[in-house]
Amino acid sequence: MNVPIRGAWLRAGISRDGGPLREDHQVVWLQAGAYYADSRGFAGRTSYDGEQVRFHHDVGEAGDDTGTLRQDGEHLTETGTNPDGSTFREIWGPLPDGGGPCGAWRAGPVQVVRVGAHVVHVDDTGGTYLLLPSPRSR
């Protein structure tokens, strides 16, 4: 499947080279149309060839990720192979408060993606995740 047109996702875990699924820190992925930002420190565009999704790293950490996405209930499972030949499987769950404003902005070496109350800012020093106050909490 192609990436969702819009989404705010929290990684529930990653398995490397067939190992156990684990998570040692919070990772957020935001998708707004063809643009994404990942709090690990890379952002750019996505493309889909009918089988595989490619996350082009246009900002931040160099390299591209290529894999397949599969829906499993409300979660997404991403599997693929890294440029060094190692494999990965990541499980992504939807974040609440993903409704409302959505968009992506790029200025030089910076890309920002917003999906509802979630914002990821990526530049050459890394990625930053921000949770904006919900209109309900004001």
Side-chain angles (χ1 to χ4, degrees):
M1 72 175 271
N2 196 354
V3 295
I5 298 296
R6 172 195 181 113
W9 304 91
L10 176 64
R11 190 172 75 181
I14 184 169
S15 167
R16 298 186 188 280
D17 294 320
L21 190 67
R22 50 177 275 183
E23 188 58 78
D24 55 6
H25 65 281
Q26 177 178 293
V27 177
V28 173
W29 156 39
L30 301 181
Q31 187 75 37
Y35 299 92
Y36 78 93
D38 188 300
S39 65
R40 289 174 284 187
F42 51 91
R45 300 162 291 110
T46 57
S47 62
Y48 181 62
D49 68 7
E51 292 181 23
Q52 293 192 312
V53 174
R54 184 172 174 199
F55 292 89
H56 306 269
H57 294 206
D58 299 329
V59 175
E61 183 182 304
D64 289 351
D65 299 320
T66 302
T68 59
L69 286 174
R70 177 177 50 85
Q71 187 132 22
D72 184 14
E74 65 178 13
H75 290 81
L76 292 177
T77 299
E78 179 185 1
T79 56
T81 303
N82 294 308
D84 66 3
S86 62
T87 62
F88 66 90
R89 179 173 61 98
E90 293 177 287
I91 308 297
W92 298 92
L95 285 165
D97 295 324
C102 180
W105 301 268
R106 173 112 182 252
V110 175
Q111 183 161 315
V112 177
V113 176
R114 177 179 181 180
V115 177
H118 308 279
V119 176
V120 172
H121 170 275
V122 177
D123 60 28
D124 58 1
T125 65
T128 304
Y129 167 63
L130 303 164
L131 179 60
L132 301 174
S134 169
R136 295 184 303 259
S137 65
R138 290 184 202 163

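- In this structure, CZ in Arg16 is found 12.5 Å from CZ in Arg89, a value given to the nearest 0.5 Å.
- Within the structure, the salt bridge (Lys or Arg N to Asp or Glu O under 4.0 Å) test picks out the following pairs touching residues 27-39 (sequence neighbours left out): Asp38-Arg40.
- Contact between Leu30 and Val113 at its shortest, heavy atoms only, is CD1-O, 3.2 Å.
- In this structure the side chain of Met1 reaches within 4.5 angstrom of the side chain of Leu76, judged on heavy atoms.
- Applying the ring-ring contact (aromatic ring centres under 6.0 Å, His included) test between Phe55 and each of Trp29, Tyr35, Tyr48 identifies Trp29 as the sole match.
- Between Val122 and Ala37, the shortest heavy-atom contact is CG2-CB, 4.2 Å.
- Among His118, Arg6, Arg114, Gln31, the one residue that satisfies the side-chain contact (heavy atoms from CB on, under 4.5 Å) test with Cys102 is Arg6.
- We find the NE2-OG distance between His25 and Ser39 to be 6.5 Å, quoted to the nearest 0.5 Å.
- Between Val3 and Trp9, the closest side-chain pair of non-hydrogen atoms is not below 4.5 Å.
- Under the 4.5 Å side-chain heavy-atom criterion for grouping Ile, Leu, Val, Met, Phe, Trp and Tyr, Val110 is not connected to Tyr129 through any hydrophobic cluster.
- In this structure, Asp49 contributes its side chain and Gln52 its backbone to a donor-acceptor pair below 3.5 Å.
- Contact annotation: the side chain of Val112 approaches that of Val119 to within less than 4.5 Å [non-hydrogen atoms, C-beta and beyond].
- Using a 30° and 60° split on the angle between ring planes, Phe42 and His57 fall in the parallel class, below 30°.
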